[in-house]
Amino acid sequence: MSLFDELEQIRTAALQALDEAATREELEAWEKRTLGRKGAVTLQTRSIGKLPPEERPAFGQRINVIKQELEAIYTTRAQAMRHAELTRELAGGAVDVTLPGRPVTPGHLHLTTQTLRQLYDIFARMGFEVYESPDVELETYNFDLLNIPAYHPARDMWDTFWVDDQRLLRTHTSPGQIRAMRERAPEPLRVILPGKCYRYEQITARSEHQFYQIEGLAVGRNITMTDLIGTLRQFTSLFYGAERQTRVRSSYFPFTEPSIEVDIDCILCGGKGCPVCKYTGWLEICGAGMVHPVVLENGGYDPAAWSGFAFGLGVERPAMMKYHVKDIRYFYGNDLRFLRQF
Ligand code: PHE
């Protein structure tokens with residue numbers, strides 16, 4: 001038999017075997033056997049050398065034509081088989097549209113926001129409205145108009161992030177006092193000013209360079225220190241519980257006169273002394289005082305006829321005390337294991 005006839009026989013046998021391959025495995029085995037590196041058709045190229053030179057090109061071309069023909073049929077059959085398999089899977093219900101969807105996990109309010117809202121609620125009951133003032137503040141509002149001129153050493157109490165020569169990130173919410181007074185004077189007012197404050201400070205377990213404060217301000221015709229202390233007592237008993245004791249110490253702030261600081265008995269040890277209260281039995285909760293006459297005047301009120309009180313409460317610190325959070329850095333650490341607890 002000539003080499004040409006042999007080649008045609010291989011082709012016929014391969015076509016028949018291809019026709020008989022019923023599964024994908026059989027089809028793949030056929031491909032390897034026929035067109036693979038050592039497949040029957042591929043091996044035919046080795047016979048070329050046995051032919052007289054003039055017949056070689058024709059033989060080579062015939063091999064190529066057969067290869068292409070077989071490959072084309074093989075590809076079509078492989079695709080058809082894959083298609084049939086998928087159709088069978090679909091018909092067999094592999095996609096179960098009745099499966100419940102993936103649950104959406106709803107978020108919740110940050111501990112700071114929850115605490116702020118508790119505070120709004122408590123002060124709203126005492127007639128305070130929420131008044132917002134800007135985070136980027138003018139130097140005059142943050143300092144000068146609060147009776148802290150540039151040369152005064154009291155400025156050292158607030159390490160400051162400056163934006164430019166005249167603007168800064170407010171170091172406390174007190175500048176809002178001036179804004180609220182200038183807007184409302186000469187009417188009586190009772191507001192709380194919540195917001196973020198910024199200080200150029202070392203970050204530690206107890207202090208962050210950003211934190212919230214809530215300022216309180218009441219201006220009226222007969223406001224006294226008794227009103228201030230009564231308001232803060234009411235606040236501590238509503239926020240920390242009626243059993244909490246309060247204590248008032250004298251203090252100094254340039255914008256209040258007289259100035260006080262208010263403590264509560266330590267929540268952890270009940271006043272016996274522990275590391276949290278540094279063995280004093282007391283925890284400081286706010287600075288406060290009667291609005292300084294100069295500040296009243298800067299706000300547009302006549303200090304001879306008007307008086308007022310102001311206080312500045314932290315927000316994270318009270319939350320730390322109430323929920324026993326040991327490190328203030330958790331508030332801005334974005335660790336869900338912390339946040340999910342509240
Ligand atoms: N602004 C003061 C501070 O940040 C707190 C304060 C507010 C004191 C109002 C007295 C009156 O430290």
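Note that this is a predicted model, so its numbers are computed, not measured. Counting starts at 1 for both ligands and their atoms, following the listed order.
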Establish, yes or no, whether a centroid distance under 6.0 Å links the rings of F255 and H172.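 Judged by ring-centre distance (under 6.0 Å), F255 and H172 do meet the cut-off.
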For [X], take its heavy atoms, then give the atoms of ligand 1 lying under 4.0 Å from any of them.
{"X": "A288", "answer": "8 (C), 10 (C), 11 (C)"}
{"X": "G287", "answer": "6 (C), 8 (C), 10 (C)"}
{"X": "W158", "answer": "3 (C), 4 (O), 12 (O)"}
{"X": "Q213", "answer": "3 (C), 4 (O)"}
{"X": "F255", "answer": "1 (N), 2 (C), 6 (C), 7 (C), 8 (C), 9 (C), 10 (C), 11 (C)"}

For atom 5 (C) of ligand 1, what is the closest protein heavy atom, and at what distance to 0.1 Å?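 Of the protein heavy atoms, G312 CA, 4.1 Å lies nearest.
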Members other than I10 in its cluster, when Ile, Leu, Val, Met, Phe, Trp, Tyr link by side-chain heavy atoms under 4.5 Å? L3, F4, L7, L15, L18, L27, W30, L35, V41, I48, L51, F59, I63, I66, L70, I73, Y74, M81
Note: L145 and R182 closest approach over all heavy atoms is CD2-NH2, 3.5 Å
Below 3.5 angstrom, do we get any N/O pair linking Q177 and ligand 1? no
Is S174 close to ligand 1, meaning an N/O of one under 3.5 Å from an N/O of the other?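 Yes; at least one N/O pair falls below 3.5 Å.
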Any donor and acceptor pair, going by atom type alone, linking the side chain of E183 with main-chain N or O of R179 inside 3.5 Å?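 Side chain of E183 to backbone of R179: no pair is present.
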Closer than 3.5 angstrom, by distance alone: can the side chain of H209 be matched with the main-chain N or O of F161 as a donor-acceptor pair? no
When rounded to the nearest 0.5 Å, the distance separating CG of L283 from CD1 of I267 is 6.5 Å
Among side-chain atoms of S207 and T204, is any donor-acceptor pair under 3.5 angstrom? yes
Proximal candidate to atom 4 (O) of ligand 1 [heavy atom criterion; set R199, E215, M157]: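 When every heavy atom of R199, E215, M157 is considered, R199 comes closest to atom 4 (O) of ligand 1.
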